[in-house]
Protein chains: 2
Amino acid sequence: MTLLGEHPSTLVVVPRTERSSRRPDGSGTPRSVDKSRTRRALLDGALDLLADRTLDNLGIREVTRAAGVSPAAFYRHFERIDDLGLVLVEEAFATLRSLMRDARDDVNEADDMIKRSVAALVRHVHDHRDHYRFIAREQYSPVISVRLAIRREIRLFATELATDLARLPIVNTWPTEDLVMLADMIVGLMVDTSKRLLDVIEEAPDREPEVIRDTERRLRYLTNGAVAWKPRPRS
Amino acid sequence: MTLLGEHPSTLVVVPRTERSSRRPDGSGTPRSVDKSRTRRALLDGALDLLADRTLDNLGIREVTRAAGVSPAAFYRHFERIDDLGLVLVEEAFATLRSLMRDARDDVNEADDMIKRSVAALVRHVHDHRDHYRFIAREQYSPVISVRLAIRREIRLFATELATDLARLPIVNTWPTEDLVMLADMIVGLMVDTSKRLLDVIEEAPDREPEVIRDTERRLRYLTNGAVAWKPRPRS
DNA sequence: TACTGTGGTGAACAGTTGTTCACTCACTTC
DNA sequence: GAAGTGAGTGAACAACTGTTCACCACAGTA
């Protein structure tokens with residue numbers, strides 16, 4: 001790979017009208033659509049590269065190359081690579097939230113709930129590998145803004161789960177402090193499970209049921225623990 | 001910083017005898033000592049850089065510069081940067097193991113045990129920040145060999161803890177499968193706690209007691225959970 | 001004493017990086 | 001229809017990268 005022809009679409013100078021698709025009425029693609037299209041291409045290209053790379057190590061040139069766009073184009077959309085990272089965090093947590101929404105709609109009865117929850121997680125990790133890997137990997141990123149954003153989102157996520165838990169019979173008398181603790185441990189288990197799933201999906205798919213079974217047991221251990229727990233008296 | 005004078009010690013050509021320290025008897029430093037000295041300098045320099053960098057993004061030139069040595073010298077000790085990473089994994093887990101040894105010697109009575117264990121962890125994280133941060137950050141490194149090594153070590157660590165747990169009264173009738181599960185969750189809590197501690201140490205030292213208290217509560221929740229747990233019948 | 005092995009050197013290499021620049025030209029607005 | 005806006009371009013920049021190379025100085029050995 002040489003400097004020339006770094007991004008395929010520029011090997012030959014292609015007039016804009018040939019590059020952008022046309023609307024049914026035959027008029028040109030609106031500017032705003034064009035803009036958000038390359039923005040998406042940059043985000044998608046970046047997420048793709050991040051499958052085996054760290055955000056810390058993600059080059060602007062790489063990203064633009066993956067998006068089929070000139071290096072300078074990057075600066076029309078983001079100031080620094082960190083900003084792109086922050087958008088990815090947002091998007092990743094949006095899919096995580098959709099998981100919770102799905103799971104909430106899906107709940108039937110107590111014991112089944114654990115199996116269903118884990119199954120929902122497994123499905124989501126399969127469908128959104130890149131997002132889950134990104135969160136897992138960048139959770140302790142040296143890129144401070146991204147690390148902080150992820151932590152904030154996880155904390156938010158845990159408190160949301162806590163309010164959900166508050167409706168369950170055994171724990172509905174607990175002080176919020178204890179509820180948040182339990183929710184936090186459950187979220188921790190979820191994150192950890194998604195990491196294990198990602199490894200297993202890529203390296204030993206036949207061991208996936210094992211991970212699932214184990215996760216169910218852990219989740220059951222955590223929820224069972226509630227009956228033996230004496231909540232803090234004050235607060 | 002220019003290409004010239006990249007590593008300070010080579011700005012002027014210094015004859016070996018002036019560079020290396022002398023033994024009491026006045027003879028030159030033995031070769032083997034010299035060798036392991038620069039090796040250490042490379043490892044230390046690397047670990048230092050990894051405080052705000054990913055292994056994925058660690059340059060050979062950076063490392064040699066930090067070690068005060070010429071870039072070419074690197075290849076006398078490691079083939080690739082990954083190999084250096086693997087040595088760091090080994091060393092980091094050596095310190096982790098020493099934590100467990102200390103904690104084992106230190107145990108008195110049941111409830112105190114939790115406080116003591118957490119205190120020991122906190123002390124260790126303070127004393128070996130770089131090692132803990134390295135493990136935390138590279139646990140999901142895109143550098144495969146390092147990621148696998150860390151996972152293997154953590155698993156090993158959990159099984160060691162499981163055999164320790166087996167001596168405790170409540171759980172000593174459990175099948176190993178359940179013991180390992182509990183041990184795994186405890187190790188997970190430890191790793192997670194060390195991550196939180198690292199953040200707190202650098203960003204809000206006054207909130208450290210809060211993290212400690214919270215960790216103690218979680219550990220108590222996990223161990224209390226044992227009394228409510230019905231181990232798997234078969235196996 | 002002279003010989004040999006080897007850790008470390010500096011120079012050189014081609015390749016890649018982030019960032020800026022003047023420029024084009026399709027879309028939008030007037 | 002003319003003018004203005006701004007997303008995208010390609011070329012250029014200095015800086016840095018990993019890796020190889022012949023070479024050097026010295027510890028260990030014979």
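A, B, ... follow the sequence lines: proteins, then strands. Residue 1 opens every chain.
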query: Whole-Å distance between D/dT17 C1' and A/Asn57 CG?
result: 12 Å

query: Please give, in whole Å, the distance from C/dG8 P to B/Arg40 CZ?
result: 14 Å

- line: The salt bridge (charged side-chain N to carboxylate O under 4.0 Å, His left out) partners of B/Asp56 (sequence neighbours excluded) come to none

- prompt: Rounded to whole angstrom units, what separation is found between the CZ atom of A/Arg39 and the P atom of D/dA7?
  reply: 12 Å

- prompt: Taking only residues two or more places apart in sequence, or in another chain, which ones meet B/Glu91 in a side-chain contact (heavy atoms from CB on, under 4.5 Å)?
  reply: B/Arg40, B/Leu43, B/Val87, B/Leu88, B/His131

query: Partners of B/Leu58 by side-chain contact (heavy atoms from CB on, under 4.5 Å), sequence neighbours excluded?
result: B/Ala46, B/Leu49, B/Leu50, B/Arg53, B/Leu55, B/Glu62, B/Val63, B/Ile81

- prompt: Atom CG of A/Asp83 to atom C1' of C/dT19: distance rounded to whole Å?
  reply: 15 Å

message: Nearest whole Å is fine: how far is C/dT9 P from B/Arg65 CZ?
response: 14 Å

query: Under 3.5 Å, is there a donor-acceptor pair between the side chain of A/Arg147 and the main chain of A/Tyr140?
result: no

query: What salt bridge (charged side-chain N to carboxylate O under 4.0 Å, His left out) pairs are there with at least one residue in residues 134-145 of chain A, not counting sequence neighbours?
result: none

Pairwise N/O distances under 3.5 Å, protein to nucleotides 18-22 of chain D:
residue : atom : partner : partner atom : Å
D/dG18  : OP1  : B/Ile60 : N            : 2.6
D/dG18  : OP2  : B/Ile60 : N            : 3.4
D/dG18  : OP2  : B/Arg61 : N            : 2.9
D/dG18  : N7   : B/Arg61 : NH1          : 2.5
D/dG18  : O6   : B/Arg61 : NH1          : 3.0
D/dT19  : OP2  : B/Tyr75 : OH           : 2.6
D/dT19  : O5'  : B/Tyr75 : OH           : 3.2
D/dT19  : O4   : B/Arg61 : NH1          : 3.3

message: Looking at A/Thr38, I'd like to know whether one of its side-chain N or O atoms comes within less than 4.0 Å of OP1 or OP2 on D/dG8.
response: yes

Test side-chain contact (heavy atoms from CB on, under 4.5 Å) applied to B/Asp52 - qualifying residues, sequence neighbours left out: none

